[in-house]
Each structure stands twice: as C-alpha cells, then as structure tokens.
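Take a look at the structure set out below.
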Amino acid sequence: MNLAGKTAVVTGSSSGIGLAVCRDLLDAGAVVFGLSRRETPLVHEHFRWIQADVTSDVAIDKAFDAVLAQFGRVDLLVNNAGFGFFRDIELIDPAEWRRLVDTNLTAMFLCSRKVAPSMKTARSGMIVNVGSVAGKRGIKGGTAYCASKFAVNGFSESLMEELREFGIRVACVNPGSVMTEFFDHAGLQPKKYMQPGDLARLIVSLVELPDGMLPDELTVRPL
Ligand SMILES: NC(=O)c1ccc[n+]([C@@H]2O[C@H](COP(=O)([O-])OP(=O)(O)OC[C@H]3O[C@@H](n4cnc5c(N)ncnc54)[C@H](OP(=O)(O)O)[C@@H]3O)[C@@H](O)[C@H]2O)c1
C-alpha cells in the first residue's frame, strides 16, 4: 500500500510501539488518527488524537464514526493497544482478567468490525494486529496475557481468511520484548529488548508491501 494520503487508525497511540507507528505513518504521508486514554504526544498537521478507552464499545463506535464521517473510509487499522501482567493464577482478580481480555482481544474485534464495511466497498485495506511471542507459546505467570495473545493469533488468521477475498489484508505481528512502558506494569524484566522505532519500521514496511502480497503472520525477536 502506498500510504500517501491514506487514512490510518492506530490504537494505543500514546506510547511505545503505537506512538512509533504513528510517527512512521505520518512520515509516509498518511493521515493518522490515534486512539488512547492519555493524550498522544504528537503534533503534526495530519495527526488527530481521539481520546478513547478501547474497552468501551461506545467509545470505539464514536471514534470510528467520527473518522468515517470525515474521510468515508479507513485504509489501515493498527490494533495495537494492550498491556500485560504476569503472576500466579490465584493472585489474578477476575476483573483484571476481564480488563486484559477486553483490551488485548475484544477491542480488536470492536475496531475491526467498524472498518471492514468501508474496506470491503473499496476492495482494499489492511488490518495489522499486534500479538506477541506470548501468543505462540505459554509463559509462567502469563495465563491471562498468553491466553489473550493466542486468541489474537486465532482472531487474526480467521479474519485474514474472511477478508482476503475482498482484497483486504490482515496481518498479525508477534514481537518479543520491546523497550516500552509495557514493562513498567508487567511484573517481569527481560534481558534483551528491541526498540519501538524498529518495530514500527517493520510494521510499516509490511503495510507498504505490494498490494498483491499478503503477509499474514510475522514473529520477531531481539537478537
Ligand atoms: N513491549 C513489549 O515487549 C511487547 C511485546 C509483544 C507485544 N507487545 C504488545 O504491543 C502492544 C503495545 O504495547 P507497548 O509495548 O507499546 O506498551 P506501552 O508503551 O505500554 O503502550 C501501550 C499502549 O496501549 C494503550 N492502551 C492500553 N490500554 C488501553 C485502553 N484501555 N484504551 C486505549 N488505549 C489503551 C496505551 O495508551 P493509554 O494508556 O494512554 O490508554 C498505550 O498507548 C500491546 O498490545 C502489547 O501487548 C509488547
């Protein structure tokens, strides 16, 4: 996809990977809407921040309705908002479990269902879901996080099969550790990290592949 003049929505735009993706999309010429609870620290004539908690279907509907009213369609959706915690199962409160699944998984469904109709009409578009290596193998203490990210992989593969016949690409990117605020709350500290800017470069390069190529899944780890 040539991103010049395209409309993109990125969830979790206020920090880390999402913020870096917004920057790269703007550099590539896209009009970018960022969704997050905290203000997204980006000033650019083609960037708009929409305050939204992605666990709220009302907030998501409102945000996407505003974008669609203005631009008619969304060309690219990056489902990135998410967080994790790693601890023994008896120490996980049911409300925390639900909040994690709502943020990491259900929000992808809520956002994707808002962009699919206009992408189908255009017979083009791309949805990139940020999964994790924790969505490929279990991790001690990661029952909630791994369950959500395994589900993200299943969701992504199913949506890819559903939308490819309409010329819409769905990809799931599964990163290992990235140096972001994620680890301020996660309850673990990895030894090796990638940089959020490098992840963003990878994601945007997948988007910029020729339209006839469908990269459906990519796992990337720190070397
Ligand atoms: N860092 C890693 O090692 C790593 C590895 C694999 C996968 N990931 C995945 O990468 C994605 C981005 O994480 P990150 O590493 O960039 O962490 P981060 O710096 O903590 O960023 C997380 C982003 O998600 C947003 N977010 C969280 N809950 C939200 C909610 N309820 N509503 C709206 N936005 C919400 C945050 O915005 P607000 O707080 O402002 O709402 C923030 O912009 C996540 O899906 C994470 O699981 C990260």
Side-chain angles (χ1 to χ4, degrees), residues 1-84 102-104 107-108 110-112 114-115 118-119 125-132 152 169 171-175 177-186 193-209 218 220:
M1 179 189 297
N2 176 353
L3 281 161
K6 296 291 197 310
T7 306
V9 178
V10 179
T11 69
S13 53
S14 59
S15 68
I17 298 167
L19 178 59
V21 167
C22 288
R23 286 202 178 101
D24 279 11
L25 293 174
L26 289 165
D27 285 349
V31 174
V32 182
F33 290 82
L35 270 57
S36 52
R37 295 165 300 182
R38 293 169 297 164
E39 186 168 1
T40 294
L42 259 180
V43 180
H44 190 288
E45 61 171 325
H46 292 138
F47 179 77
R48 303 210 191 127
W49 171 59
I50 301 178
Q51 186 168 30
D53 182 334
V54 298
T55 64
S56 160
D57 44 356
V58 174
I60 286 179
D61 282 357
K62 213 173 130 192
F64 281 89
D65 287 346
V67 177
L68 291 165
Q70 200 179 343
F71 286 89
R73 77 181 209 228
V74 172
D75 300 293
L76 171 68
L77 167 64
V78 182
N79 280 315
N80 161 77
F83 72 100
D102 283 352
T103 307
N104 293 4
M108 287 192 179
L110 293 171
C111 294
S112 301
K114 293 299 286 183
V115 302
S118 66
M119 287 183 178
M126 185 161 185
I127 298 173
V128 180
N129 296 328
V130 179
S132 171
V152 163
R169 301 181 295 164
C172 185
V173 175
N174 290 307
S177 301
V178 185
M179 176 73 86
T180 68
E181 292 177 18
F182 180 89
F183 291 105
D184 296 353
H185 320 285
Y193 295 95
M194 295 175 285
Q195 295 301 322
D198 293 337
L199 240 292
R201 227 164 75 198
L202 177 72
I203 289 170
V204 173
S205 67
L206 289 181
V207 175
E208 290 182 325
L209 283 172
L218 187 82
V220 56

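Of all heavy-atom pairs spanning L68 and S118, the tightest one is CD2-OG, 3.8 Å. In terms of heavy atoms, V78 sits closest to V21 at CG2-CG1, 4.3 Å. T11 and A81 get closest at one heavy-atom pair: OG1-N, 2.9 Å. Nearest heavy-atom pair across Q51 and R37 is NE2-O, 2.8 Å. Across all non-hydrogen atoms, the minimal contact from S13 to V10 is CB-O, 4.0 Å. Nearest heavy atoms, L35 versus A63: CD2-CB, 4.0 Å.
Taking the side chain as every heavy atom from C-beta outward, T103 and V54 approach each other to under 4.5 Å. Two residues are said to be in side-chain contact when any heavy atoms from C-beta on lie closer than 4.5 Å; D198 and V220 fail this criterion. By the 4.5 Å heavy-atom criterion applied to side chains, V128 and L76 are counted as neighbours. In this structure, the side chains of L19 and P196 stay at 4.5 Å or more apart for every pair of heavy atoms. Between I50 and V67 there is a side-chain heavy-atom pair separated by less than 4.5 Å. The shortest distance between side-chain heavy atoms of R201 and L199 does not fall below 4.5 Å.
Side-chain atoms of D75 come within 3.5 Å of backbone atoms of T7 as a donor-acceptor pair (strictly under, hydrogens ignored). For E208 (side chain) and M1 (main-chain N/O), no donor-acceptor pair under 3.5 Å exists by modelled atom type. N79 places no side-chain N or O within donor-acceptor distance of the main-chain N or O of N129, the cut-off being under 3.5 Å.
Ring to ring, F47 and F33 are not that close: their centroids are 6.0 angstrom or more apart.
Between the side chains of S36 and W49, at least one donor N or O sits under 3.5 Å from an acceptor N or O.
Under the side chain to side chain donor-acceptor pair (under 3.5 Å) criterion, R23 pairs with no residue at all, not counting sequence neighbours. Taking the side chain to side chain donor-acceptor pair (under 3.5 Å) definition, one finds that K114 meets it with D65, sequence neighbours left out.
F64 CZ to S112 OG: the interatomic distance, rounded to the nearest 0.5 Å, is 8.0 Å. One distance of note links CZ of F182 with OH of Y193; it measures 10.5 Å at 0.5 Å rounding. In this structure, CG in D27 is found 11.0 Å from SG in C22, a value given to the nearest 0.5 Å. For the atom pair CG of D102 and CG of D53, the computed distance is 9.0 Å after rounding to the nearest 0.5 Å. The distance from atom CD1 of I203 to atom CD1 of I17, rounded to the nearest 0.5 Å, is 6.0 Å. Taken from CG in L77 to CE in M119, the straight-line distance is 6.0 Å, to the nearest 0.5 Å.
Checking each of L202, T180, V178 against M194 for a side-chain contact (heavy atoms from CB on, under 4.5 Å) leaves exactly one that passes, namely V178. When the options L25, V9, L42 are evaluated for a side-chain contact (heavy atoms from CB on, under 4.5 Å) with V32, the one that passes is L25.
By the 4.0 Å N-to-carboxylate-O rule, E181 lies close enough to R38 to be salt-bridged with it.
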